Protein chains: 2
Amino acid sequence: MDRRRVRGRGSGALMASKVVTIEDVALLAKTSPSTVSNVLNGRLDRMRPETQERIQRAMAQLGYTPNQLARQLKTGQVPILGLVIPSVANPFWGAFAQCVEEAARGRGYQVLFGNAGRDPAQEERYAESLWGYGVRGVIFGSSPLSLDHVQGLVRRGLRAVTFDRDTRGADRGVGVEIDSISVDNALGARLATEHLLALGHRRIGFLSGPLRTASRLQRLEGYRGALRAAGLDPHPALVWEGLPSEGFGDVEGAEFGRRGARDLLGLAEPPTALFAINDMYALGAYAGARDRGLAVPDDVSVVGFDDIFLAEVAQPALTTVRQPLREMLRTTVTMLVDRLEGSRDGPADHTVVTPELIVRASTAAREAA
Amino acid sequence: MDRRRVRGRGSGALMASKVVTIEDVALLAKTSPSTVSNVLNGRLDRMRPETQERIQRAMAQLGYTPNQLARQLKTGQVPILGLVIPSVANPFWGAFAQCVEEAARGRGYQVLFGNAGRDPAQEERYAESLWGYGVRGVIFGSSPLSLDHVQGLVRRGLRAVTFDRDTRGADRGVGVEIDSISVDNALGARLATEHLLALGHRRIGFLSGPLRTASRLQRLEGYRGALRAAGLDPHPALVWEGLPSEGFGDVEGAEFGRRGARDLLGLAEPPTALFAINDMYALGAYAGARDRGLAVPDDVSVVGFDDIFLAEVAQPALTTVRQPLREMLRTTVTMLVDRLEGSRDGPADHTVVTPELIVRASTAAREAA
DNA sequence: CTGAAAGCGCTAACAC
DNA sequence: GTGTTAGCGCTTTCAG
């Protein structure tokens with residue numbers, strides 16, 4: 001019983017907290033720890049119903065909560081999925097995290113997340129620390145181009161899935177197993193650009209932050225490809241990349257979009273339409289257009305990417321390329337958990353899903369002008 | 001060395017993962033586990049520099065990551081803060097989580113979050129499971145009116161802080177220690193309402209989801225108080241509460257706001273201004289007004305609450321009551337961590353911070369009509 | 001300065 | 001059926 005004494009001591013002493021253990025329960029229920037453990041693990045067939053009941057009463061009475069730490073120290077891993085994303089403050093990643101959480105819950109897992117702001121060093125630190133907590137599966141949302149920083153962990157047994165990042169190249173290089181899932185970014189960009197082209201636009205701006213991400217590069221390619229296919233020459237001046245030094249603008253996506261739109265629309269020969277790298281940028285572009293005294297879609301058309309829920313509420317409702325987040329993330333979690341639990345094996349899987357253009361009110365035919 | 005063998009086995013076997021332990025490091029560095037432990041814990045004064053160096057080399061060579069689980073099994077708690085919020089998909093809570101994460105990181109803590117959708121049972125489940133992981137401090141974002149569901153845990157030693165929920169009453173009732181921090185909701189609502197009143201509005205709608213939260217009730221009171229102070233009689237028909245059965249509309253806040261605005265603006269004697277319970281509702285109200293063929297602010301003025309980053313980007317920019325989230329959460333984390341680490345003690349603290357009205361473009365003087 | 005040993009709370013053999 | 005025991009990887013006295 002003296003185990004009950006206050007624990008914390010020494011400098012920075014952690015505060016006391018009385019902890020009820022399996023042994024306390026066993027004592028009260030007049031049985032042994034292992035039997036209690038058996039009820040914890042659902043092996044009820046190994047005891048008389050009355051024993052079980054006694055134990056359950058004891059647990060309730062003491063307010064017993066199993067110590068997962070101890071439990072997992074044995075099994076070697078915890079039912080937690082790590083989630084590394086640029087920033088939850090961005091509605092897209094917020095929704096992302098939510099979907100992951102729902103899917104994980106369905107499989108009995110919880111989610112430990114970290115904002116890494118797309119900094120590889122930060123991502124690595126997270127992955128390391130997650131590993132330390134017994135987390136054996138992590139999802140990387142929109143990772144930097146290289147995945148070198150997690151290779152070590154992966155080689156040690158970390159199961160990872162990247163979102164929005166086809167890891168096929170990386171795999172070959174180092175021979176590690178990294179599943180990936182992503183939308184067909186090039187196709188999405190092409191759809192968006194073709195839509196604008198069909199509306200008669202010829203000068204189409206590409207609004208993006210630094211192109212340091214696989215998906216962004218692919219979107220740029222899709223945009224260029226569509227332009228070329230239409231016999232147009234992609235003009236570099238119409239591609240706005242922000243200032244590399246300023247980070248990715250995940251939190252301030254809208255602010256970046258605003259600035260970019262303002263810049264692009266201030267050109268001598270301004271674009272009549274803007275394709276934004278994502279919806280936050282697109283929404284920012286609305287404000288940028290307003291700053292220039294231009295109206296969407298009358299003076300400029302705007303297309304986004306992602307179809308976050310704000311796209312529909314926006315004024316005007318945003319035309320955008322939808323990626324089926326919820327479904328994709330359900331798949332992601334399934335892949336990951338299956339790998340963790342050993343029910344899935346074999347080479348890395350690279351799922352690519354097809355995006356869809358959602359036409360709303362932010363795009364219109366080019367003015368006769 | 002045979003410890004290195006594959007671990008997983010039995011049904012649902014967890015996959016193998018070779019784990020490097022402190023002992024492996026000690027072996028390679030030709031020293032003892034306790035000395036390695038000492039370098040892990042920064043007690044470098046207890047060894048010769050060369051020993052330390054040997055150890056560090058060994059750790060690097062083996063790719064050693066300390067097992068936090070084991071470590072914390074000893075100390076009894078992990079440097080993780082629990083965060084229970086309605087839904088990260090809501091930009092307000094996303095930003096909230098982000099701020100908490102930043103502040104926590106500054107103190108060496110990570111964040112484990114759960115979406116509880118304001119369901120007390122779900123909140124309790126989270127708190128329980130968090131406790132099981134050794135999490136001893138949790139932040140509850142906008143909790144339900146009653147905190148009974150976590151009292152048990154709190155009595156066992158859980159440190160909690162509630163956001164947006166003054167727990168003074170609860171404290172007295174059960175004698176537990178729950179710190180709280182919130183904005184002065186009544187004042188905020190009053191500021192918003194008075195602003196509208198000053199602009200000449202007399203029929204002001206109150207747009208909210210179910211009033212099952214302390215903060216929402218307080219905002220309603222502030223609104224009513226301001227109306228009465230102006231000699232106006234708060235009309236119940238102008239208070240829109242949604243359908244209780246539909247949940248709080250955290251994810252779909254905007255959708256709720258839209259519906260509510262549509263309802264209110266469809267009344268025989270429609271309001272000329274709307275005070276929304278939060279910015280998401282307010283943004284939704286823009287769409288609702290549009291649905292009725294009304295323009296903001298020309299036909300209806302709209303005021304929000306929170307000042308999420310979208311408020312500024314919105315079209316028109318939203319007039320709103322700002323709560324200084326980042327600062328509040330820094331305080332919250334400080335309070336909590338101080339309690340956890342024993343450097344703060346004593347009775348529960350109830351911080352109430354003063355909100356500020358930010359006037360932007362969504363409010364205008366009432367038309368002569 | 002360094003090492004040996006005793007647990008933290010739980011699980012999983014293996015006896016009884 | 002139920003209890004005993006030996007660790008999981010680490011920290012922490014307490015001896016050397």
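Keep in mind that what you see is a predicted model, and the values were worked out from it rather than measured. Sequence lines set the chain letters: A, B, ... in the order given, protein chains first and strands last, and positions in each chain run from 1.
- Nucleotide D:dT2 holds its P atom 7 Å from the CZ atom of A:R54, rounded to whole Å.
- When all heavy atoms of A:A26 and A:P33 are compared, the closest pair comes out as CB-N, 3.6 Å.
- For the pair A:L73 CG and C:dA12 P, the computed distance is 12 Å after rounding to whole Å.
- Distance CE/B:M335 to CG/B:D179: 4.5 Å, rounded to 0.5 Å.
- Spacing between atom CG of B:L27 and atom P of C:dA4 amounts to 11 Å, rounded to whole angstrom units.
- Rounded to whole Å, atom C1' of D:dG7 lies 17 Å from atom CZ of A:R71.
- Going from atom CG of B:D24 over to atom C1' of D:dC8 covers 13 Å, rounded to whole Å.
- Between B:I22 atom CD1 and C:dT2 atom C1' the separation is 14 Å, expressed in whole Å.
- Residues of residues 32-50 of chain B having a heavy atom closer than 4.0 Å to DNA chain D, listed by number: B:S34, B:S37, B:L40, B:N41, B:R43.
- Between the side chain of B:R156 and the main chain of A:G63, a donor-acceptor pair closer than 3.5 Å is present.
- No donor-acceptor distance shorter than 3.5 angstrom exists from the side chain of B:Q52 to the backbone of B:L44, with no hydrogens or angles considered.
- When the side-chain nitrogen and oxygen atoms of B:Y64 are compared with OP1 and OP2 of D:dC10, one or more of them lie within a distance under 4.0 Å.
- Proximity of a side-chain donor or acceptor of B:E101 to a complementary backbone N or O of A:N115 within less than 3.5 Å is detected.
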_Trace of the side-chain hydrogen bond (donor to acceptor under 3.5 Å, both in side chains) decision for B:R71 with B:N41_ = CA-CA 11 Å; B:R71 193 203 285 245; B:N41 293 284; 3.2 Å; yes
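- Across the protein-nucleic acid pair, B:L62 atom CG and D:dG9 atom C1' stand 15 Å apart, rounded to whole Å.
- At whole-Å resolution of the value, CD in A:Q72 and P in C:dA12 are 10 Å apart.
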